[in-house]
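Here is the structure we will look at.
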Amino acid sequence: MFVLLCPQEQCKSLLQMTRLRLILLSVFTTFMTFNLVSGASSDFKVTCGYNMSGGTPLSVITSRSMSALFCSLQCVNECSSATYSLTYQTCITFKEKFHNLTWTQAQDWCMMYKVEAISVTNWTLVFRAQSGINVSFYDLWETNGHHDDLSMSSDFPIGCYRLDNLGNCKRHFRSYVLDNWTNIDQIKISVYVNGSETAYMIFNGSASDRQSWFSRTFLVSSYWTFLANDTQVFWFSFQGETANGLSRRFLIFSYYWNCWTDSLYFMAIDSAYESCSPYWGPIPSYPMFFYSPVKQMVRPSAQPPEYRLADFLAVFINQKS
């Protein structure tokens, strides 16, 4: 309980403002996402219930007349993202894009960001597959019309836009680019452990489609220096091996001899069943991303294990200028 000591009309005005502020807080803190500014080059989204930090602030403005709309208007030119406090009426603008900043849950803050491609240096993220969530990444890759970037929605875990461990990700991310596979220059596929890239391959995408690019014919460079000319590689396939209930995708594998002697550079197990699991280890959840941590193939049956498991897989593109 509190008491306001003020003239009657002023108290009435303050109480109305307080009620409005509480209503706004109750609406804006439901982690909802909505359009703020419309325009060909200035579309903004607002996600409330989060604050952003860790970047390079371009401006910090506190004003009684500040609003989410006015805050977003500070981002017309240089700014890529901003954060706004309903309580303090403070607007902070950032040079960095929203997915390169640190997010924390904060009930009275809203983060604002431009609707644009999720880019890392010179690469644009088009797919991110999270391990261990028991959802097929391959099925999502092939699902036409599923777009997690146009537009970004409130129910999509914000950590799934990132390549670090700053957010909790329980979904795969699929870009609209997969349904518009044109003007592609190069494709990069990477695996990550604890927020760091641990292996990668880069492919020429000029004459590819969204599956054929994953081919040794198109391979430009790789973490595995022997991969391009390794005569022991028999499987090099995005679709991989699906016979007899298997679901081995992104398969870079030796000839099939037996589970004891098989070797690999890379493999994604995309279902709960794997016939070689008694020899390679259990499949507690899927997908699982196996990769060689050295420059050559390793045996998944070796003890102690020669392979490593990645936290997630990411696919990027470069488009022709």
Side-chain angles (χ1 to χ4, degrees), residues 97 99-100 116-131 136-150 160-164 169 171-193 195-230 233 235-241 247-253 264-270 287-292 295 310-321:
K97 296 181 180 180
H99 51 274
N100 292 323
E116 55 190 345
I118 297 177
S119 60
V120 180
T121 59
N122 295 322
W123 296 96
T124 298
L125 180 69
V126 296
F127 196 78
R128 184 188 186 281
Q130 182 69 34
S131 67
S136 168
F137 74 86
Y138 182 86
D139 289 349
L140 181 64
W141 178 281
E142 288 296 286
T143 301
N144 292 325
H146 183 108
H147 306 146
D148 293 312
D149 49 355
L150 289 181
C160 298
Y161 296 124
R162 302 180 66 99
L163 303 177
D164 52 32
C169 180
R171 296 265 291 274
H172 305 312
F173 166 85
R174 186 184 191 276
S175 170
Y176 74 96
V177 174
L178 297 188
D179 294 337
N180 187 33
W181 195 270
T182 57
N183 202 37
I184 307 295
D185 185 23
Q186 289 186 322
I187 305 104
K188 180 180 181 181
I189 181 170
S190 302
V191 291
Y192 289 78
V193 177
S196 297
E197 182 186 71
T198 53
Y200 73 91
M201 290 172 282
I202 296 176
F203 299 86
N204 184 341
S206 296
S208 71
D209 58 37
R210 73 181 185 196
Q211 283 200 356
S212 67
W213 63 269
F214 192 80
S215 163
R216 189 148 56 165
T217 302
F218 295 135
L219 186 65
V220 175
S221 62
S222 170
Y223 167 82
W224 300 292
T225 53
F226 297 107
L227 174 58
N229 301 306
D230 192 337
V233 173
W235 288 90
F236 201 125
S237 170
F238 182 1
Q239 294 90 338
E241 174 63 277
S247 187
R248 300 173 182 174
R249 307 292 187 178
F250 284 124
L251 190 60
I252 307 179
F253 215 83
L264 62 84
Y265 282 105
F266 186 68
M267 174 180 62
I269 294 180
D270 200 31
M288 293 178 69
F289 304 117
F290 293 71
Y291 72 95
S292 168
K295 301 298 183 180
D311 297 329
F312 62 88
L313 170 155
V315 179
F316 308 87
I317 63 159
N318 268 330
Q319 291 187 300
K320 298 175 183 178
S321 56

Separation of Ile184 CD1 from Gln319 CD (nearest 0.5 Å): 5.0 Å
Check the pair Ile189, Ile187 against side chain to side chain contact (heavy atoms under 4.5 Å, CB included), reporting the backbone distance first and the verdict last. CA-CA 7 Å; Ile189 181 170; Ile187 305 104; 5.8 Å; no
Please name the pair of heavy atoms, one in Leu163 and one in Tyr192, separated by the smallest distance, quoted to 0.1 Å. CD1-OH, 3.6 Å
Are Ile202 and Trp123 packed together at the side-chain level, in the sense that at least one heavy-atom pair is separated by less than 4.5 angstrom? yes
Is Asn180 atom CG crowded by more than 12 heavy atoms from other residues, nucleotides or ligands, each under 6.0 Å away? yes
Heavy-atom pair with the smallest gap, counting every atom of Val191 and Ala310: CB-CB, 3.6 Å
Do Tyr291 and Phe266 have ring centroids that are under 6.0 Å from one another? no
Quick check: does any side chain N or O of Ser136 sit under 3.5 Å from a backbone N or O of Asp139, one acting as donor and the other as acceptor? yes
Gap between atom OG of Ser222 and atom CE of Met201 - 0.5 Å precision: 6.0 Å
Atom pair SG (Cys160) and CZ (Phe312), whose distance is rounded to the nearest 0.5 Å: 9.5 Å
Just to verify, what does Trp181 make a side chain to side chain donor-acceptor pair (under 3.5 Å) with, not counting sequence neighbours? Ser208
Arg171 and Arg128: side chain to side chain contact (heavy atoms under 4.5 Å, CB included), yes or no, with the steps? CA-CA 9 Å; Arg171 296 265 291 274; Arg128 184 188 186 281; over 6 Å; no
Side-chain touch His172/Pro287, heavy atoms, less than 4.5 angstrom: yes
Whether the side chain of His147 engages the backbone of Ser175 through a donor-acceptor N/O pair (distance < 3.5 Å, no angle test) should be reported. no
Do the side chains of Leu125 and Phe173 get nearer than 4.5 Å, heavy atoms only? yes
Test item: Asp270 side-chain N/O and Phe137 main-chain N/O as donor-acceptor pair under 3.5 Å: yes
Salt bridge (Lys or Arg N to Asp or Glu O under 4.0 Å) between Lys188 and Glu197, worked out: CA-CA 12 Å; Lys188 180 180 181 181; Glu197 182 186 71; 3.1 Å; yes
Distance col, row Phe290:CZ vs Ile269:CD1, nearest 0.5 angstrom, shows 4.0 Å
Has the side chain of Ser190 got a donor or acceptor atom that lies under 3.5 Å from a matching backbone atom of Ala314? no
Given Met267 and Ile252, is the side chain to side chain contact (heavy atoms under 4.5 Å, CB included) satisfied, shown in steps? CA-CA 6 Å; Met267 174 180 62; Ile252 307 179; over 6 Å; no
Keeping the roles fixed (side chain from Asp149, backbone from Tyr176), state whether a donor-acceptor pair exists under 3.5 Å. yes
Would you say that more than 12 heavy atoms from the other residues, nucleotides or ligands in this model lie under 6.0 Å from the CG of Asn122, or not? no
Atom CZ of Arg248 and atom CD of Gln239: how far apart are they, to the nearest 0.5 Å? 16.0 Å
Roughly how far, to the nearest 0.5 Å, is CG of Asn204 from CG of Asp185? 7.0 Å
Arg174/Asp179 ion pair, N-O < 4.0 Å: yes
Taking side chain as C-beta onward, heavy atoms only, is Lys295 less than 4.5 Å from Tyr223? yes
Pairing residues for Glu241 by the salt bridge (Lys or Arg N to Asp or Glu O under 4.0 Å) criterion, not counting sequence neighbours: none
For the pair Trp141 and Phe127, name the ring-plane relationship: parallel under 30°, tilted 30 to 60°, perpendicular over 60°. perpendicular
At their closest point, which heavy atom of Ser221 faces which heavy atom of Tyr200, and how far apart are they? OG-CE1, 4.1 Å
Exactly one of Phe218, Trp213, Phe214 should register a ring-ring contact (aromatic ring centres under 6.0 Å, His included) with Phe236. Which one does? Phe214
Okay, side chain of Ser215, backbone of Ser212: is any donor-acceptor separation there less than 3.5 Å? no
Could you verify whether a donor N or O on one side chain and an acceptor N or O on the other, from Asp148 and His146, lie under 3.5 Å apart? yes
For the backbone of Leu227 and the side chain of Arg216, can you confirm whether one donor and one acceptor N or O come within less than 3.5 Å of each other? yes
Give a yes or no on whether the backbone of Phe238 and the side-chain of Arg249 come within a donor-acceptor separation of less than 3.5 Å. no
Run the side chain to side chain contact (heavy atoms under 4.5 Å, CB included) check on Ser131 and Phe289 step by step: do they pass? CA-CA 7 Å; Ser131 67; Phe289 304 117; 3.9 Å; yes
Tyr265 ring center near Trp224 ring center (under 6.0 Å): yes
